[in-house]
Number of protein chains: 2
Amino acid sequence: MTDIQGRVRNKALRSKIATAAEAVSIIKPGMNIGASGFTFAGYPKAVPLALAERIRQEKFQINLWTGASVGPELDGILAEVNGIARRMPYQTDDRLRKSINSGKVAYSDVHLSHMAQMAGYGFLGGKVDVAIIEACAITEEGHIIPTTSVGNSASYVQNADTVIVEINTTQPAELEGMHDVFLHQLLPKRQPIPIVKANDRIGTTYIPCGLDKIVYIVPCDIPDAVRELAAVNENCRAMTAHLIEFLKFEIRAGRLPPNLLPLQSGVGSVANAVIAGLADSDFEDLTVYTEVIQDGMFDLIDAGKLTFASGTSLTPSPAGIKHFYANLPNYRQKIIFRPQEISNSPEVIRRLGVIAMNTAIEFDIYGHVNSTHIAGSKIMNGIGGSGDFARNAYLTFFFTNSVAKDGKISSVVPMCSHIDHTEHDVDVFITERGVADVRGLSPRERARVIIDRCAHPDYQPLLLDYLVRAEKITNQAHTPVLLDEALSWHSRYVSSGSMKV
Amino acid sequence: MTDIQGRVRNKALRSKIATAAEAVSIIKPGMNIGASGFTFAGYPKAVPLALAERIRQEKFQINLWTGASVGPELDGILAEVNGIARRMPYQTDDRLRKSINSGKVAYSDVHLSHMAQMAGYGFLGGKVDVAIIEACAITEEGHIIPTTSVGNSASYVQNADTVIVEINTTQPAELEGMHDVFLHQLLPKRQPIPIVKANDRIGTTYIPCGLDKIVYIVPCDIPDAVRELAAVNENCRAMTAHLIEFLKFEIRAGRLPPNLLPLQSGVGSVANAVIAGLADSDFEDLTVYTEVIQDGMFDLIDAGKLTFASGTSLTPSPAGIKHFYANLPNYRQKIIFRPQEISNSPEVIRRLGVIAMNTAIEFDIYGHVNSTHIAGSKIMNGIGGSGDFARNAYLTFFFTNSVAKDGKISSVVPMCSHIDHTEHDVDVFITERGVADVRGLSPRERARVIIDRCAHPDYQPLLLDYLVRAEKITNQAHTPVLLDEALSWHSRYVSSGSMKV
């Protein structure tokens with residue numbers, strides 16, 4: 001309790017220190033809960049565990065809004081006790097995914113940059129009833145120092161009358177100063193977001209809150225449930241090599257400066273491997289303007305190649321978080337966490353000319369991308385921030401292995417079974433096979449380049465056969481589609497377990 | 001020739017006045033031509049007609065980049081003589097559409113806000129070789145006063161070494177002062193676009209050019225080929241009534257201020273009718289931040305309800321343009337034309353909280369929108385600026401009649417045959433049947449609301465039957481899709497001429 005007392009700097013406020021069970025007593029069925037957390041970072045743990053316990057006994061549901069995905073102590077346990085009626089804007093939890101696909105949880109999968117506005121202006125049915133925010137500390141004035149993510153926390157606190165702060169004593173107090181919290185004026189008085197470089201500071205190091213809103217302060221000693229990344233394999237190395245070669249070509253063509261433009265990369269093993277791979281390149285003086293800071297970026301900083309990384313969250317592996325904590329004095333100078341409305345802001349992404357690198361589940365010959373659904377129906381995670389970046393970037397890449405499930409699934413298909421990014425949004429596709437640069441091409445041209453450069457040889461003849469027949473049969477078509485056959489590859493996979501004929 | 005002399009204010013520059021035939025002598029096969037024009041407004045006419053004549057004899061092709069669609073004296077005639085190899089970023093011409101669908105012209109259909117950046121940074125194969133810009137006048141310094149549109153003209157002039165100015169003497173010289181030309185600094189030095197209200201002036205009243213780039217000045221007396229709008233019908237009136245009722249509901253709920261937020265509406269008869277319909281509402285003090293200023297906005301200004309309209313182009317009917325010219329002194333105070341990179345800027349659209357209203361060819365039960373293709377294959381026009389607004393608006397509407405072709409086509413389908421706007425992008429769907437507000441809903445919930453409120457009674461049972469079977473058969477699906485049946489409605493239409501069973 002000593003540590004927690006020290007982290008609550010306002011003495012009067014210490015009277016609000018309580019157990020998680022006490023804190024969740026104020027939560028009522030049907031409430032909108034706005035929680036901190038973006039990936040397995042900075043989400044509350046003790047309070048939701050206590051909430052789940054109450055729900056297990058009392059059987060009720062709440063609506064859960066977060067920054068993005070969160071750890072099992074929030075999404076997983078609440079899904080398990082059937083405690084979530086509605087969930088936004090993103091998730092990656094096994095138990096929750098099952099509840100969503102079975103229709104038990106109403107999940108609305110939105111662009112991460114949109115969430116704060118939608119919640120704040122009452123688009124989702126009422127305001128945030130209770131905000132639950134993981135913190136390093138609370139200032140004398142009652143402002144909140146976040147931990148390993150900012151996400152939508154500042155917006156939820158602003159929107160709520162009632163705030164529960166969960167002080168996580170496993171999070172080093174030295175995180176203070178790494179956050180930059182900027183909140184928009186209310187419409188119609190919004191001003192430009194004054195960021196012109198990845199390292200610009202435009203806000204406060206705390207989430208503005210004040211003493212009155214905080215109703216409970218709960219200590220917590222559960223660390224972020226960070227996850228292992230998959231090992232970097234041959235395919236990742238091939239994709240990274242393709243990327244580096246392509247970027248060098250762009251530099252030589254005068255379309256990119258030698259130190260590139262700010263980099264964004266999606267969450268996950270492939271994205272992380274690609275970023276880490278840049279450590280072995282001869283690029284220098286790089287910057288990052290992204291959502292999540294992953295292990296690969298530590299490698300880049302350690303290699304002296306990355307001068308600054310702006311994100312909304314830290315998403316390291318177990319080894320990565322240890323490394324981060326051990327070298328905090330160094331990383332403090334080179335990493336900043338912003339609200340996701342700012343990290344994912346179309347305005348800033350477009351202005352800075354970000355290079356966006358995200359992974360696809362599949363893409364089709366005409367350049368559409370599926371980021372969310374398996375065979376059109378089952379959701380995997382959600383679109384996350386990929387749309388914020390892909391649509392607004394200077395250069396937009398999508399990566400995927402050319403095949404999945406031991407070659408039974410082709411990631412390049414005649415038509416995506418679900419479309420999250422359209423033909424209008426993507427510049428370059430990369431698989432381990434190669435690079436398809438589709439800028440300025442017509443759909444038919446795109447199809448030939450994508451099949452030739454990105455598809456797996458096992459599927460290239462099938463794709464080409466589809467294209468040629470579609471061109472003949474549709475007659476006079478900008479985008480030749482065989483309506484009876486376009487989704488047959490997915491159908492075959494569902495019925496036979498393979499897309500192969 | 002007197003009038004043209006007066007419009008070329010620099011005396012030395014008058015030596016460059018030439019015929020269109022002389023001017024096009026500098027155009028070489030394979031060149032990238034950057035032309036002014038956005039809709040049937042402000043595009044060059046005399047020079048492309050002469051170019052077509054040369055191409056008819058010499059048989060060669062150029063690549064044509066414009067602001068958006070342009071009139072028949074540019075797109076139509078060049079398509080007719082098979083003079084276009086590549087076309088970007090948008091078109092609406094019958095002859096060109098045919099060439100695109102037949103594969104003769106490589107058409108790349110991109111977000112209108114993206115085009116200047118893509119061309120300017122060399123993404124499309126080289127720079128602008130020759131810019132052809134319709135103008136009211138040229139200043140003493142060699143800067144260009146545009147006419148009824150700005151589009152990408154300023155970017156193309158900036159990017160080109162060689163500029164042909166076509167002085168259109170049918171365009172009133174009093175247009176001068178209505179333009180506001182702002183160009184970005186080059187990356188990585190871009191700054192915020194300092195617009196915080198629709199009527200903010202941030203640039204120059206001319207396109208910066210200078211004396212040296214201008215190689216020919218060609219007089220032209222062909223007026224903009226403005227087109228008639230379809231008469232406002234019962235369905236348009238019903239959609240407008242639904243919109244007004246919905247907006248009033250949002251005001252009462254505190255989600256919109258009484259004078260709304262800046263309005264955007266797409267090009268065309270339905271969009272125009274909806275805007276015009278607001279003239280009979282009791283909204284006041286409205287503003288517009290959009291691409292095209294159509295007749296409906298004159299009605300709103302005349303009714304004293306619209307205080308200011310910002311766009312990139314004027315797109316009136318023949319009667320509308322007459323009315324505009326006759327009342328220019330009044331409209332000059334209330335209308336501004338900006339480059340499309342600014343009128344369609346995600347940054348500004350998001351900041352101002354624009355209300356985006358666009359029309360769809362079809363949408364599906366899960367909330368995806370097809371704006372471009374008939375039955376998946378044939379392109380109609382292109383995505384235009386709809387994505388710039390739909391993705392970034394505060395509130396995003398899509399409108400369409402519930403059926404087309406005398407009821408043989410349902411505009412609400414199980415799955416769109418082409419997707420330009422995803423489930424993540426739309427807030428509200430409106431047909432003449434009603435309003436589907438899908439904010440925060442899961443796909444299954446969206447489907448029920450869309451079928452119930454927007455679909456035509458002839459197709460409601462079929463759609464509901466599809467949904468219920470999909471839910472059963474897919475088992476455990478966030479977005480239940482029957483892969484073998486999802487596109488069968490389009491297939492049936494192609495083979496039998498009707499989507500009805």
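Note on naming: letters A, B, ... go to the chains in the order of the sequence lines (proteins, then strands), and numbering restarts at 1 for each one.
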Minimum heavy-atom separation for [X] to [Y], with atom names?
{"X": "Ser377(B)", "Y": "Thr474(A)", "result": "OG-CG2, 3.5 Å"}
{"X": "Pro346(B)", "Y": "Arg350(A)", "result": "CG-NH1, 3.0 Å"}
{"X": "Met88(A)", "Y": "Gly440(B)", "result": "SD-CA, 4.1 Å"}
{"X": "Ala375(A)", "Y": "Leu483(B)", "result": "O-CD2, 3.8 Å"}
{"X": "Val481(B)", "Y": "Gly376(A)", "result": "CG2-O, 3.7 Å"}
{"X": "Arg255(A)", "Y": "Phe123(B)", "result": "CD-CD1, 3.8 Å"}

Picking from [options], which has the most non-hydrogen pairs under 4.5 angstrom with chain B?
{"options": "Gly103(A), Ala486(A), Gly382(A)", "value": "Gly103(A)"}
{"options": "Cys416(A), Ser113(A), Pro262(A)", "value": "Ser113(A)"}
{"options": "Leu482(A), Asn475(A), Val110(A), Asp425(A)", "value": "Asp425(A)"}
{"options": "Gly122(A), Ser417(A), Ala253(A)", "value": "Gly122(A)"}
{"options": "Ala477(A), Ser442(A), Pro194(A), Gly353(A)", "value": "Ala477(A)"}

Quick one: of [options], who has the most non-hydrogen atom pairs under 4.5 Å with chain A?
{"options": "Leu124(B), Ile349(B), Asn101(B)", "value": "Asn101(B)"}
{"options": "Gln191(B), Lys189(B), Met118(B)", "value": "Gln191(B)"}
{"options": "His111(B), His424(B), Glu250(B)", "value": "His424(B)"}

If I measure from the heavy atoms of chain B, does [X] come under 4.5 Å with its side chain, its backbone, both, or neither?
{"X": "Ser488(A)", "value": "neither"}
{"X": "Ser345(A)", "value": "neither"}
{"X": "Ala119(A)", "value": "neither"}
{"X": "Ile379(A)", "value": "both"}
{"X": "Arg444(A)", "value": "side chain"}
{"X": "Gln117(A)", "value": "side chain"}
{"X": "Tyr394(A)", "value": "both"}
{"X": "Pro480(A)", "value": "backbone"}
{"X": "Val494(A)", "value": "side chain"}
{"X": "Leu187(A)", "value": "side chain"}
{"X": "Ile100(A)", "value": "both"}
{"X": "Ala393(A)", "value": "backbone"}

Can you confirm whether [X] sits close enough to [Y] that some side-chain heavy atom of one is under 4.5 Å from a side-chain heavy atom of the other?
{"X": "Asp109(B)", "Y": "Glu423(A)", "value": "yes"}
{"X": "Leu352(A)", "Y": "Pro188(B)", "value": "no"}
{"X": "Arg190(A)", "Y": "Val196(B)", "value": "no"}
{"X": "Leu487(B)", "Y": "Leu487(A)", "value": "yes"}

Side chain from CB out, backbone as N, CA, C, O: work out which of these in [X] comes under 4.5 Å of a heavy atom of chain A, or both, or neither.
{"X": "His373(B)", "answer": "side chain"}
{"X": "Ala470(B)", "answer": "neither"}
{"X": "Arg391(B)", "answer": "both"}

For Lys378(B) and His478(A), indicate whether the former's side chain and the latter's backbone hold a donor-acceptor pair under 3.5 Å. no
Looking at Glu347(A) and Arg351(B), is there a salt bridge between them, counting it only when a charged N and a carboxylate O are closer than 4.0 Å? yes
Does Lys104(B), at its NZ atom, have more than 12 non-hydrogen atoms belonging to other residues, nucleotides or ligands within less than 6.0 Å? no
Pairing donors with acceptors under 3.5 angstrom, does anything connect the side chains of Thr422(A) and Asp420(B)? no
Working note: Arg86(A) + Leu441(B), criterion side-chain contact (heavy atoms from CB on, under 4.5 Å); need CA distance, chi angles, decisive distance, verdict. CA-CA 9 Å; Arg86(A) 302 190 159 275; Leu441(B) 300 187; 4.2 Å; yes
Is the His418(A)-His368(B) ring centre distance short of 6.0 angstrom? yes
Nearest 0.5 Å, what's the OG1-OH distance between Thr479(B) and Tyr107(A)? 10.5 Å
